[in-house]
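The chain is numbered in sequence order, starting from 1.
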Amino acid sequence: QVQLVESGGGLVQAGGSLRLSCAASGRTFSSYAMGWFRQAPGKEREFVAAISWNGGLTYYADSVEGRFTISRDNAKNTVYLQMNSPNPEDTAVYYCAANKYGSSWYEAGEYDYWGQGTQVTVSS
């Protein structure tokens, strides 16, 4: 069992920066790939970024590539999402999720555990 708690959301101006954190409970955090997803009002939950268990591999949605960076610190049981140059289209609730054996890191259904989400609002 893994419990995930996101933090760091809030209001940010377009072109600014924001860092989201996701703290995980449990001693098996380092065995999970981790992902960030987001959901805007009236839209489907969508993939943002993912990172392998040791941080050696990262994947990004085309819409955030080059602006967002996912990273993890297994000693702190924490995964991060650094958001640089956000724009109003990035406004959403952001969720972190843990994936143990899922074959696809892009699909929400492959993730086993989810946090409660943190709201990010980007003003123009």
Side-chain angles (χ1 to χ4, degrees):
Q1 186 83 6
V2 176
Q3 292 185 321
L4 304 171
V5 179
E6 300 96 336
S7 61
L11 177 64
V12 61
Q13 279 194 321
S17 63
L18 197 66
R19 189 175 80 159
L20 306 183
S21 300
C22 173
S25 66
R27 291 174 285 182
T28 60
F29 172 75
S30 61
S31 66
Y32 287 81
M34 298 297 295
W36 285 96
F37 288 75
R38 66 187 182 187
Q39 188 166 18
K43 294 188 176 181
E44 298 282 322
R45 188 170 298 191
E46 65 173 0
F47 170 79
V48 176
I51 188 166
S52 61
W53 66 274
N54 64 353
L57 296 172
T58 56
Y59 300 91
Y60 297 93
D62 290 343
S63 58
V64 307
E65 178 114 44
R67 300 187 298 120
F68 292 7
T69 301
I70 189 171
S71 62
R72 68 189 297 163
D73 185 338
N74 286 345
K76 295 182 178 180
N77 278 14
T78 302
V79 63
Y80 305 97
L81 185 69
Q82 178 68 42
M83 303 172 61
N84 293 333
S85 299
N87 56 59
E89 289 70 40
D90 296 316
T91 294
V93 176
Y94 282 72
Y95 299 89
C96 72
N99 182 335
K100 182 74 169 180
Y101 300 114
S103 59
S104 171
W105 295 357
Y106 300 91
E107 300 295 331
E110 297 289 331
Y111 286 76
D112 305 290
Y113 302 103
W114 291 82
Q116 83 290 347
T118 185
Q119 176 71 47
V120 172
T121 302
V122 184
S123 63
S124 57

Is there a side-chain contact between [X] and [Y] (heavy atoms, below 4.5 Å)?
| X | Y | result |
| --- | --- | --- |
| W114 | C96 | no |
| V2 | T28 | yes |
| Y113 | Q1 | yes |
| E46 | Y106 | no |
| V12 | T121 | no |
| V120 | T91 | no |

With sequence neighbours left out, what residues match N74 under side-chain hydrogen bond (donor to acceptor under 3.5 Å, both in side chains)? R72
Please identify each residue that fulfils side-chain hydrogen bond (donor to acceptor under 3.5 Å, both in side chains) with D112, with sequence neighbours left out. none
Has [X] got a side-chain atom pairing as donor or acceptor with [Y]'s backbone, closer than 3.5 angstrom?
| X | Y | answer |
| --- | --- | --- |
| T118 | G9 | yes |
| T78 | K76 | yes |
| S52 | L57 | yes |
| E6 | G117 | yes |
| Y60 | I70 | yes |
| N84 | G16 | no |
| Y32 | Y111 | no |

Run the numbers on M34 and L4 for side chain to side chain contact (heavy atoms under 4.5 Å, CB included), then give the verdict. CA-CA 11 Å; M34 298 297 295; L4 304 171; 3.9 Å; yes
Return yes if a side-chain donor-acceptor contact under 3.5 Å exists between Y80 and R19, otherwise no. no
Step by step, work out the side chain to side chain contact (heavy atoms under 4.5 Å, CB included) result for Q82 and S71. CA-CA 8 Å; Q82 178 68 42; S71 62; over 6 Å; no
From [atom1] ([X]) to [atom2] ([Y]), nearest 0.5 Å:
| X | Y | atom1 | atom2 | value |
| --- | --- | --- | --- | --- |
| S30 | W53 | OG | CH2 | 7.0 Å |
| S17 | F68 | OG | CZ | 11.0 Å |
| S31 | N54 | OG | CG | 12.0 Å |
| Q119 | Q39 | CD | CD | 11.0 Å |
| K100 | E110 | NZ | CD | 15.0 Å |
| L18 | Q13 | CG | CD | 12.5 Å |

Apply the test side chain to side chain contact (heavy atoms under 4.5 Å, CB included) to residues V79 and W36: give CA-CA distance (whole Å), side-chain angles for both, the deciding distance (0.1 Å), then the verdict. CA-CA 9 Å; V79 63; W36 285 96; 4.0 Å; yes
If you look at every heavy atom in [X] and [Y], which pair is closest and at what distance?
| X | Y | answer |
| --- | --- | --- |
| A40 | A92 | N-CB, 3.8 Å |
| Y94 | L20 | CB-CD1, 3.6 Å |
| S123 | L11 | CB-CD1, 4.2 Å |

Please collect all disulfide (SG to SG under 2.5 Å) contacts where either partner lies in residues 40-78, sequence neighbours excluded, each pair once. none
With a 4.5 Å cut-off on side-chain heavy-atom distances among I, L, V, M, F, W and Y, is there a chain of contacts connecting V64 to L81? yes
Taking the ring centre of each residue, are F37 and Y95 less than 6.0 Å apart? no
Heavy-atom count check: over 12 atoms from other residues, nucleotides or ligands less than 6.0 Å from Q116 CD? yes
